[in-house]
**Student:** 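Have a look at this one.
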Amino acid sequence: MPKTPLPLRADDLTPFARRLSQQLGKASPSHLTLMNMLARAAGYENVQHMRAAHASAQRLDRAADERLADPRTVERALHQFDAAGRLRQWPSKRSVQTLALWVL
């Protein structure tokens with residue numbers, strides 16, 4: 001009989017670790033150790049790595065919404081490249097330089 005994956009989602013790791021610790025009783029490791037074990041089970045190195053990955057994902061989501069390129073600036077950046085995709089000259093405007101660096 002094949003195993004059906006069961007998704008597990010916890011909005012906050014701390015209450016989840018506390019409840020698990022209560023269930024384990026006296027055999028439970030310390031709270032931080034238990035949280036690190038849960039983070040490793042989720043594929044992270046430790047709780048700090050898990051927090052950093054979550055914060056990074058949130059920043060990237062916000063940045064994607066906030067940064068829409070101006071079509072005129074994109075057009076100016078495209079004029080800096082030849083048909084083969086090589087940079088012909090370094091742009092003088094900072095916004096065009098940023099786009100040119102992104103391409104490179």
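Quick caveat: nothing in here was measured; it's all calculated off a predicted structure.
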**Student:** Within the distance-only criterion (no hydrogens, no angle test), does the side chain of D82 pair as donor or acceptor with the backbone N or O of G85 below 3.5 angstrom?
**Tutor:** yes
**Student:** Is there a donor-acceptor contact under 3.5 Å from the side chain of N46 to the main chain of N36?
**Tutor:** no
**Student:** Can you check side chain to side chain donor-acceptor pair (under 3.5 Å) on T98 and S95, steps first, answer last?
**Tutor:** CA-CA 5 Å; T98 304; S95 59; over 6 Å; no
**Student:** Counting only heavy atoms not in W90, do more than 12 sit closer than 6.0 Å to its CH2 atom?
**Tutor:** yes
**Student:** In Å, rounded to the nearest 0.5 Å, how long is the span from CE of M37 to OG of S30?
**Tutor:** 9.5 Å
**Student:** Specify the closest pair of heavy atoms between Q97 and S92, including all atoms of both residues, with the distance to one decimal.
**Tutor:** NE2-O, 3.6 Å
**Student:** Would you say CD of E45 has more than 12 non-hydrogen atoms from neighbouring residues, nucleotides or ligands within 6.0 angstrom?
**Tutor:** no
**Student:** Can you find a pair of side-chain heavy atoms, one from V74 and one from L78, that are under 4.5 Å apart?
**Tutor:** yes
**Student:** Any chance you could measure E75, atom CD, to L99, atom CG, to the nearest 0.5 Å?
**Tutor:** 11.5 Å
**Student:** If I compare all heavy atoms of T14 with all of M35, which pair ends up nearest, and what's the gap?
**Tutor:** OG1-CE, 3.8 Å
**Student:** For the hydrophobic clusters of this structure (ILVMFWY residues joined by side-chain heavy atoms under 4.5 Å, transitively), does one cluster hold both V96 and F81?
**Tutor:** no
**Student:** Below 4.5 Å, heavy atoms only, C-beta onward: do F16 and L34 meet side chain to side chain?
**Tutor:** no
**Student:** Looking at side-chain heavy atoms only, is the closest gap between P91 and R76 below 4.5 Å?
**Tutor:** no
**Student:** Inspect the surroundings of NE2 in H54 and state if more than 12 heavy atoms from other residues, nucleotides or ligands are less than 6.0 Å away.
**Tutor:** no
**Student:** Would you say the side chain of L38 lies within less than 4.5 Å of the side chain of L20, judging by non-hydrogen atoms?
**Tutor:** yes
**Student:** Cluster question for you: counting only ILVMFWY and a side-chain heavy-atom cut-off of under 4.5 Å, with indirect links fine, are L87 and L101 together?
**Tutor:** yes
